[in-house]
Protein chains: 2
Amino acid sequence: MLLLVNLTLRLRTMSSADATTDQLRVDILDGAFPPGARLVELQLTERYGVGRAAIRSAIVELVTEGLVTREANRGATVRRVPLAEAVQITEARQALESLLAGHAALNATPQDRAELRQLAADMSDAVSSQRYGDYSELNQLLHRRIAQIAQHEIARDLVANLRNRASHHQFRLALQPGRPAESLPQHEALIAAVVAADRSGAEDAMRTHLDSVISALRHWAELGVEV
Amino acid sequence: MLLLVNLTLRLRTMSSADATTDQLRVDILDGAFPPGARLVELQLTERYGVGRAAIRSAIVELVTEGLVTREANRGATVRRVPLAEAVQITEARQALESLLAGHAALNATPQDRAELRQLAADMSDAVSSQRYGDYSELNQLLHRRIAQIAQHEIARDLVANLRNRASHHQFRLALQPGRPAESLPQHEALIAAVVAADRSGAEDAMRTHLDSVISALRHWAELGVEV
DNA sequence: CCAGCCAGATTGTATGACTTCAAGACCGTA
DNA sequence: TACGGTCTTGAAGTCATACAATCTGGCTGG
């Protein structure tokens, strides 16, 4: 029922331009348009079967989201995010996700806490049986659930955008050998604190977790790794 | 010289559509379009002397910035920000501006520190001679300078946007009697920590300062104050 | 060999026409 | 009078087209 309402609400709000924006965003995040790819308006009108107006609208929106850059009379390209910027993005995420974790610790319902406990078990299983793809998905799910539980729309939206911006680096980092072993206990500590309604504990756990992501990124930066 | 380069760079990037976006944003923030005002595209084309496309582009951008809402086939209106949301916005600012204050403490040059000291003196003067308008401007200047000194573009941009979103409430709060007397020592502590290159001190001072803003907003919310 | 110029490609912008939608006016009936 | 449905209208949503401005790359002539 709620789902249905939600669906019709989305349909009501979604013009073809908005739908095009979403599709283009997904295509960029999925790598269909890799960083540096040119986004030529006419080509996109064919690809998505809409007019140039819709394409321009989508590009404007994605520029403000930081996924696309535009030069006057030169056109739009998929933004290439340097490692130094990925570090800043993750620092901002750290500040905001700590806030979310703290709120989640306060607002979690008994169902939420049970679900989080289950999630911790699933993550542990995935790592011990070396299903790293599953672990990566559970990882993202955890961050999303924390954000939902916190009931803090402002921070949630900002974090979602920041995650998109750095998704390329985030993805590469998750593939790093040894990362799961390092991050699992951090995630477990985070979940334990949220389940225990320990606000400052949850904030600290999230901060610590993202500290380790940041230092991994910084480590790469020092090695001169480039995209 | 640097200014000139910057200027031409802006001109190169600024199409009339982008300029229109900036003007419309300023007009909204200045109150020329108060919260709830309808933004009818045809009227705006006359006001700004540009085509409908430019107006639509501006509206799309301001929607993603959270200043404007849009309903399908109904049009755009200036967003009305409820107090509860202003609280969330300020909480997010707290998280991000603490980060900025910490970085500013690390990155400030001797010139920056001298300037900040001067700023503290000016603020104190303004309050003691009851020039509250000046104090309010110096207040904004301080936050902007801290953000510049921190050299953290990601957080700086996010905070600038958050400030815009809540500017209405922020403005009303600044007019509150007793606010300057409460916030002045907090600002002085913040400046002292940044000048002393005390990272965690600066973070704490910024957090404390915005804590007092948040509780003032919450206090209003409980009184049932509405916009 | 190179400076300058021309042509193609692409964006920037405006305009007109048409469709879709929602709100309010209008009208007929009980 | 009150209710319910239909009609009108205002505005957004979309597309096609046109033309100007600008960049790019290649060609040409000295």
Side-chain angles (χ1 to χ4, degrees), chain A residues 4-25 27-28 33-34 36-65 67-80, chain B residues 5 7-25 27-28 33-80:
Chain A
L4 192 71
V5 171
N6 226 331
L7 198 70
T8 57
L9 194 98
R10 284 196 70 177
L11 285 177
R12 241 179 48 69
T13 308
M14 290 240 294
S15 53
S16 109
D18 295 330
T20 304
T21 305
D22 289 344
Q23 285 185 310
L24 180 55
R25 187 190 297 108
D27 286 343
I28 289 174
F33 296 104
R38 295 197 55 192
L39 301 174
V40 179
E41 297 180 359
L42 263 184
Q43 291 172 4
L44 297 182
T45 59
E46 288 178 20
R47 172 170 186 139
Y48 297 113
V50 296
R52 243 179 100 194
I55 297 296
R56 305 199 102 237
S57 160
I59 287 177
V60 166
E61 185 157 347
L62 295 182
V63 166
T64 74
E65 288 182 20
L67 296 180
V68 167
T69 51
R70 241 169 82 210
E71 284 175 276
N73 302 309
R74 299 282 323 279
T77 58
V78 178
R79 182 108 199 283
R80 209 186 284 277
Chain B
V5 171
L7 198 69
T8 57
L9 195 98
R10 286 196 68 176
L11 284 177
R12 244 178 49 70
T13 309
M14 290 241 293
S15 51
S16 108
D18 295 330
T20 304
T21 306
D22 289 345
Q23 285 186 312
L24 180 55
R25 187 190 297 109
D27 285 344
I28 290 174
F33 295 106
R38 295 197 58 190
L39 300 175
V40 178
E41 297 181 358
L42 266 183
Q43 292 171 4
L44 297 183
T45 59
E46 288 178 21
R47 171 170 186 138
Y48 298 113
V50 296
R52 237 180 107 194
I55 297 297
R56 304 199 99 240
S57 159
I59 287 177
V60 166
E61 185 158 346
L62 295 181
V63 166
T64 73
E65 288 182 21
L67 296 179
V68 166
T69 51
R70 240 168 85 211
E71 284 176 275
N73 302 308
R74 296 285 323 282
T77 57
V78 178
R79 182 107 199 285
R80 210 185 285 276

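Residue numbers begin at 1 in each chain, while the letters A, B, ... track the order of the sequences.
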Partner set under salt bridge (Lys or Arg N to Asp or Glu O under 4.0 Å) for A:R52, not counting sequence neighbours
A:E41
Going by the rule side-chain hydrogen bond (donor to acceptor under 3.5 Å, both in side chains), which residues pair with B:R79 if we only count those two or more places apart in sequence or in a different chain?
B:E85
How long is the line joining CG of A:N73 and C1' of C:dA9, in whole Å?
12 Å
Restricting to side-chain hydrogen bond (donor to acceptor under 3.5 Å, both in side chains), what partner residues turn up for B:R38, sequence neighbours left out?
none
For A:T69, check side-chain hydrogen bond (donor to acceptor under 3.5 Å, both in side chains) against everything at least two apart and list the hits.
A:T77
I'd like to check the side-chain hydrogen bond (donor to acceptor under 3.5 Å, both in side chains) partners of B:R74; sequence neighbours left out, ordered by chain and number.
none
What residues 38-58 of chain B contributes to the DNA chain D interface at heavy-atom separation below 4.0 Å is B:L39, B:V40, B:E41, B:R52, B:R56
Rounded to the nearest angstrom, tell me the gap between atom CZ in B:R70 and atom P in D:dA12.
10 Å
As an exercise, state the distance from CG of A:L24 to CD1 of A:I55, rounded to the nearest 0.5 Å.
7.0 Å
Sugar-phosphate only, base, or nothing, as touched by A:A76 at under 4.0 Å among non-hydrogen atoms
nothing
Distance check: side-chain N/O of B:R74 vs OP1/OP2 of C:dC21, anything under 4.0 Å?
no
